[in-house]
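The structure displayed is predicted, hence computed values, not measured ones. Any value given below was found using the heavy atoms of this structure, including those in side chains, with hydrogens, waters and symmetry copies removed.
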Amino acid sequence: QVHMVESGGGSVQTGGSLRLSCAAAGISFRRFCMGWFRQAPGKEREGVATISEDDSKNYMASVKGRFTISRDSSNNTLYLQMNSLIPGDTAMYFCASSPRDVGRFCRPLQTDFTYWGQGIQVTVSS
């Protein structure tokens, strides 16, 4: 049973930084995708960044250069470092994971991910 729990959210002003963490337990598959998604009120959930077990990374266009996804395999933790935050980044952020078939790239699509955290709020004020 995979269990994922986010932490590190909160409220910051424009230009500030936050670091989200996601503690992942029960991930036993050798090849996997892990990712961060977000959902703002009244909007669909969108993929922010993904990372595979070989550390291949993928970012949505609007966060490139500002956000960095990383993972620590020693403690099964996924991170999202968010810098230069803007009000448009305000959303509930979710971490997710899924086993990955050979040859399949990690895509920032909800349907590609099986296991989800409960979400954590990030609010950026102007």
Give every donor-acceptor pair under 3.5 Å between a side-chain atom in residues 94-106 and any protein atom, sequence neighbours left out.
| unit_1 | atom_1 | unit_2 | atom_2 | d |
| --- | --- | --- | --- | --- |
| Ser98 | OG | Asp112 | O | 3.2 |
| Ser98 | OG | Thr114 | OG1 | 3.3 |
| Arg100 | NE | Glu53 | OE1 | 3.1 |
| Arg100 | NH1 | Arg104 | O | 2.9 |
| Arg100 | NH2 | Glu53 | OE1 | 3.2 |
| Arg100 | NH2 | Glu53 | OE2 | 2.4 |
| Arg104 | NH2 | Pro99 | O | 2.9 |

Are Met34 and Met60 connected in the hydrophobic side-chain network, where two residues link if heavy atoms are under 4.5 Å apart? yes
Residues at least two apart in sequence or cross-chain that pass side-chain hydrogen bond (donor to acceptor under 3.5 Å, both in side chains) with Glu46, listed by chain then number, are Arg38
Sorted by chain and residue number, the side-chain hydrogen bond (donor to acceptor under 3.5 Å, both in side chains) partners of Gln118 (sequence neighbours excluded) come out as Glu6
Taken to the nearest 0.5 Å, the spacing of Lys64 NZ from Thr68 OG1 works out to 13.0 Å
Rounded to the nearest 0.5 angstrom, the CZ-CD1 distance for Arg71 and Ile51 is 6.0 Å
So ring pair (Phe, Tyr, Trp, His ring centres under 6.0 Å) across residues 52-87, not counting sequence neighbours, yields none
Taken to the nearest 0.5 Å, the spacing of Arg45 CZ from Gln110 CD works out to 5.0 Å
Applying salt bridge (Lys or Arg N to Asp or Glu O under 4.0 Å) to Arg66 and not counting sequence neighbours gives Asp89
Contacts satisfying salt bridge (charged side-chain N to carboxylate O under 4.0 Å, His left out) that involve residues 21-34 (not counting sequence neighbours) are none
Which donor-acceptor pairs under 3.5 Å do side chains of residues 7-28 form with protein atoms, sequence neighbours excluded?
| unit_1 | atom_1 | unit_2 | atom_2 | d |
| --- | --- | --- | --- | --- |
| Thr14 | OG1 | Ser125 | O | 3.0 |
| Ser17 | OG | Asn83 | OD1 | 2.9 |

Margin query: Please tell me whether Phe29 and Met4 are part of a single hydrophobic cluster in this structure, the criterion being side-chain heavy atoms less than 4.5 Å apart.
Written below: yes
Those residues at least two apart in sequence (or on a different chain) that pass ring pair (Phe, Tyr, Trp, His ring centres under 6.0 Å) with Phe37 are Phe113, Trp116
Rounding to 0.5 Å, atoms OG1 (Thr50) and CZ (Phe32) come to a distance of 12.0 Å
For Ser62, the side-chain hydrogen bond (donor to acceptor under 3.5 Å, both in side chains) test, sequence neighbours excluded, returns none
dist Leu80:CG -> Ile69:CD1 (nearest 0.5 Å) comes out at 6.5 Å
Applying side-chain hydrogen bond (donor to acceptor under 3.5 Å, both in side chains) to Ser126 and not counting sequence neighbours gives none
Distance col, row Leu78:CG vs Ser70:OG, nearest 0.5 angstrom, shows 7.0 Å
Check: Does Thr90 use its side chain to pair, donor to acceptor, with the backbone of Gly88 at less than 3.5 Å?
Finding: no
Using a 4.5 Å side-chain heavy-atom cut-off and chaining through intermediate ILVMFWY residues, the residues clustered with Val5 come out as none
